[in-house]
K.L.:
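Below is the structure I would like to discuss, written out as structure tokens.
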Amino acid sequence: MSDKADKIAKIKPLPDSKPRYARVLLKISGEALMGKEQSGLDLATVDRIAGEIKHASDIGVQVCLVIGGGNIFRGLQGAAQGMDRASADYMGMLATVMNALAMQSALEKIDVQTRVLSAIPMTTICEPYIRRRAIRHMEKGRIVIFAAGTGNPYFTTDTAAALRATEMGCDALLKGTQVDGVYSADPKKDPKATRYDRLTYLEVLARDLKVMDASAISLARDNHIPIIVFPLHKPGTFVHVLCGGGPCTIITDKAAAPLS
Ligand code: UDP
């Protein structure tokens, strides 16, 4: 184990950390794995996020992951340069498999058992996606990493995250971002952007808030899976949010209680 991995593995969650959720899906965008780089993988960042996932597992939460591929390739980019869209999307899905393998390696370095399950069968490097098998892995305490999105072009890994969270019977879908929740506009560009603590799925759709794509929000809404948007780049926030604290925006069916 490297010194850094060793250090991460030794950080223990607070003793009174009581998770609110038994099983969650964490969606990590490809960009979250770039660290300060402009593209590709920053392995120190992957190691840090792996440490966060280990903490969640240590406090008894069953965690599965969907990882994007935008740090390596997006289908739309390829299509914009003249590629056939479906082929470009398959390349995007392959990028998610590379990220999944990087995360698996980082988790196994700190002694976390993992399985990568790909929506596009590649049996030499990972297991094919089989729903019951994925559930069984989680019941055994393994971190399941879903790779290759939904396996279909014209979709995104956000939709894959909502789909797998539904199939796995997750209590929540957590989306790690670079900011501390959902804003009315991009807070990096608009200083007047306001932050929301709570939103409904319908508000996200009607205001076209850039949280996840509309099909992912609709799927979560149809299946009543809360979406929690939180800053994955802030160390410790994942476990904090799982225990009901931390900066985040919660998206459910229910509107925020009116101020009295
Ligand atoms: N993709 C796809 N079908 C899926 C999931 C992903 O075709 O079900 C492709 C699509 O081209 C997408 C790329 O994979 O651009 C990478 O995924 P995404 O853009 O969702 O990654 P993220 O933005 O989360 O890093």
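Read the numbers this way: they start at 1 and go in the same order the structure lists the ligands and their atoms.
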K.L.:
Which hydrophobic side chains are connected to I72, either touching it within the sub-4.5 Å cutoff or through other members that do?
P.N.:
F73, M83, M91, M98
K.L.:
Tell me: protein heavy atom nearest atom 14 (O) of ligand 1, and distance?
P.N.:
G92 C, 3.1 Å
K.L.:
Can you find a heavy atom in the side chain of I125 that is under 4.5 Å from one in the side chain of V97?
P.N.:
yes
K.L.:
For atom NE2 of H137, is the number of surrounding heavy atoms from other residues, nucleotides or ligands below 6.0 Å larger than 12?
P.N.:
yes
K.L.:
Closest non-hydrogen protein atom to atom 20 (O) of ligand 1, residue and atom name please, with distance?
P.N.:
T157 OG1, 2.5 Å
K.L.:
When only distance counts, is T96 in polar contact with ligand 1, meaning an N/O pair under 3.5 Å?
P.N.:
no
K.L.:
Which residue owns the protein heavy atom closest to atom 24 (O) of ligand 1, what's the atom, and how far is it?
P.N.:
K27 NZ, 2.8 Å
K.L.:
Looking at atom 9 (C) of ligand 1, what's its closest protein heavy atom, distance included?
P.N.:
D89 O, 3.5 Å
K.L.:
Given the side-chain rings of Y196 and Y183, with only the six-membered ring counted for Trp, is the space between their centroids under 6.0 Å?
P.N.:
no
K.L.:
Suppose we measure from atom 3 (N) of ligand 1 to each protein heavy atom; which comes out shortest, and what is that distance?
P.N.:
N152 O, 2.7 Å
K.L.:
Of all the non-hydrogen atoms in the protein, which one sits nearest to atom 12 (C) of ligand 1, and at what distance?
P.N.:
G75 N, 4.0 Å
K.L.:
Return the closest protein heavy atom for atom 23 (O) of ligand 1 as residue, atom name and distance.
P.N.:
R74 NH1, 2.5 Å
K.L.:
Could a heavy atom of A160 be found less than 4.0 Å from some atom of ligand 1?
P.N.:
no
K.L.:
How far is atom 2 (C) of ligand 1 from the closest protein heavy atom, and which atom is that?
P.N.:
F155 O, 3.1 Å
K.L.:
Which atoms of ligand 1 have any heavy atom of G70 under 4.0 Å away?
P.N.:
21 (O), 22 (P), 25 (O)
K.L.:
If we only count N/O pairs under 3.5 Å, is I28 in contact with ligand 1?
P.N.:
no
K.L.:
If the cut-off is 4.0 Å to any non-hydrogen atom of G68, which atoms of ligand 1 fall inside it?
P.N.:
21 (O), 22 (P), 24 (O), 25 (O)
K.L.:
Output all residues satisfying ring-ring contact (aromatic ring centres under 6.0 Å, His included) with Y129, sequence neighbours left out; order by chain, then residue number.
P.N.:
F146
